[in-house]
Amino acid sequence: MLKTLTSVIILIFALNGLTAQQEFNIRLRTAIDGYYSESHNVITRDGYILEVHRIPFRRFRIKENDSKNPKPVVFLMHGLQGSSLSYIYLGPERALAYLLAEAGYDVWMGNARGGLNSRRHIFLNPDTNAERFFNYSYEDIALKDVASTIDYILKVTRQSQLHYVGHSQGGTAFFVLNSLRPEFNTKIKSAHLLAGVGYMEHFPNKILNAIAFGTNLLYSVALEQGIVEVLGPRDANSLNEEEYNKSPAYSLLLTVIDVIVSIHKQLEMVTPASLKQYAHFGQNIRAKSFRRFSYDPLENFIRYGSLSAPEYDLSKISVNITMHYTVNDHLLDERDVLSMASVIPNAKARKITRETYNHNDFVLAPDSKELLYDYILEELDKNR
Ligand SMILES: *[C@@H]1O[C@H](CO)[C@@H](O)[C@H](O)[C@H]1NC(C)=O
Ligand SMILES: *[C@@H]1O[C@H](CO)[C@@H](O)[C@H](O)[C@H]1NC(C)=O
Ligand SMILES: *[C@@H]1O[C@H](CO)[C@@H](O)[C@H](O)[C@H]1NC(C)=O
């Protein structure tokens, strides 16, 4: 009875002040799961408005008593075409965000530009200024979105450090941020990367390897056709093959997306991304390395001081990192994980024991609790 009442109260909190459709979804969803949650807006220095979600209390609580000892903060960053929904999808007693909240953490979940409720900008309209709005790669997500969100969380919680968890591109962003702006290392107490994609020397997927050869050509053809956003609101309404068959570039792109996020299986989980993110990954797959976005040689020289794009220097990362990986990952090879772990001073690699576990299982498989999350909770507990 009391729990039902608390749930109703949480629902009222959740419904209060809702605007966007998706914000409704995520806060309603946490409320139905019995958790109070908050939405915060973070504005990046280049004007993107990001929606960040917070679950500060345990289940069926709307207040907790430790103002003297603020809870340790964990920040969860999603993967390509994902969102904060990734971390609550498995529901109470299974989803990482909820398990962390139960263990007494102040849980924050980011949303990259272009994605869930973050398809907003202080002056660019994503529909009418799409070319400019979607002109970003994961390096922008790392240096602007993740950086601003971390600074925002530390300010609001008045803490000096947080724990970081990143799935897939959420791991990529971690590598990029901490290698290009090493001062961020001091803001992160520890990190758990779930299939964090970086080195690509042994990139496993054959289809993507083949397509990656044409990355720059495909990217420029797509730009000419005005394709800059991947699975935006217009596309998501009608994942209609006929439409896309009209544009060979787009139908090829759909193949790529399907391999990466299995859209047909996980449509409700998917939020928009930019084509430039795909182009950047494509360049890396092709170059078999992990480097900054490559423009033409002149532009590279102006930006980076070298004719080709420089590699990210992972040896600059000093945070204690556990890199969780699985052998059934078509986007990240074990050898690349181990070689990153040997370059990053305080990194260790940990293999998931179920061999059929795949890239998206890190946030979608119910047995992630036993295979992965319990371990993370234990490690975090040693160094709250
Ligand atoms: C806070 O709540 C816990 C139980 O959840 C209790 O053990 C503790 O004494 C409380 N602390 C204060 C300062 O009231
Ligand atoms: C996208 O960004 C690149 C690099 O900053 C710039 O050269 C290009 O002109 C931009 N394109 C658009 C349409 O804003
Ligand atoms: C990293 O972990 C080790 C062993 O758990 C610990 O001794 C060390 O203080 C940690 N370093 C940082 C920077 O947290």
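Counting starts at 1 for both ligands and their atoms, in listed order.
Evaluation of the side-chain hydrogen bond (donor to acceptor under 3.5 Å, both in side chains) rule for Glu131 yields no partner, not counting sequence neighbours.
Legend: side-chain hydrogen bond (donor to acceptor under 3.5 Å, both in side chains) pairs involving residues 192-201, not counting sequence neighbours, sorted by first then second residue: His192-His324.
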Short N or O contacts of ligand 2 with protein, under 3.5 Å, listed by atom name?
from	atom 1	to	atom 2	distance (Å)
ligand 2	2 (O)	Asn135	OD1	3.3
ligand 2	2 (O)	Asn135	ND2	2.4
ligand 2	5 (O)	Arg303	NH2	2.6
ligand 2	11 (N)	Asn135	ND2	2.8
ligand 2	14 (O)	Asn135	ND2	3.2

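Between Tyr278 and His280, the ring centre distance reaches or exceeds 6.0 Å.
Ring-plane geometry between Tyr312 and Tyr138 is classed as tilted, the angle between the planes lying from 30 to 60 degrees on a 0 to 90 degree scale.
When all heavy atoms of Val107 and Ala97 are compared, the closest pair comes out as CG2-O, 3.6 Å.
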Side-chain atoms of residues 148-155: list all donor-acceptor pairs with protein atoms under 3.5 Å, sequence neighbours left out, distances to 0.1 Å.
from	atom 1	to	atom 2	distance (Å)
Ser148	OG	Lys144	O	2.6
Thr149	OG1	Asp145	O	2.6
Asp151	OD1	Lys187	NZ	2.7
Tyr152	OH	His40	ND1	2.8

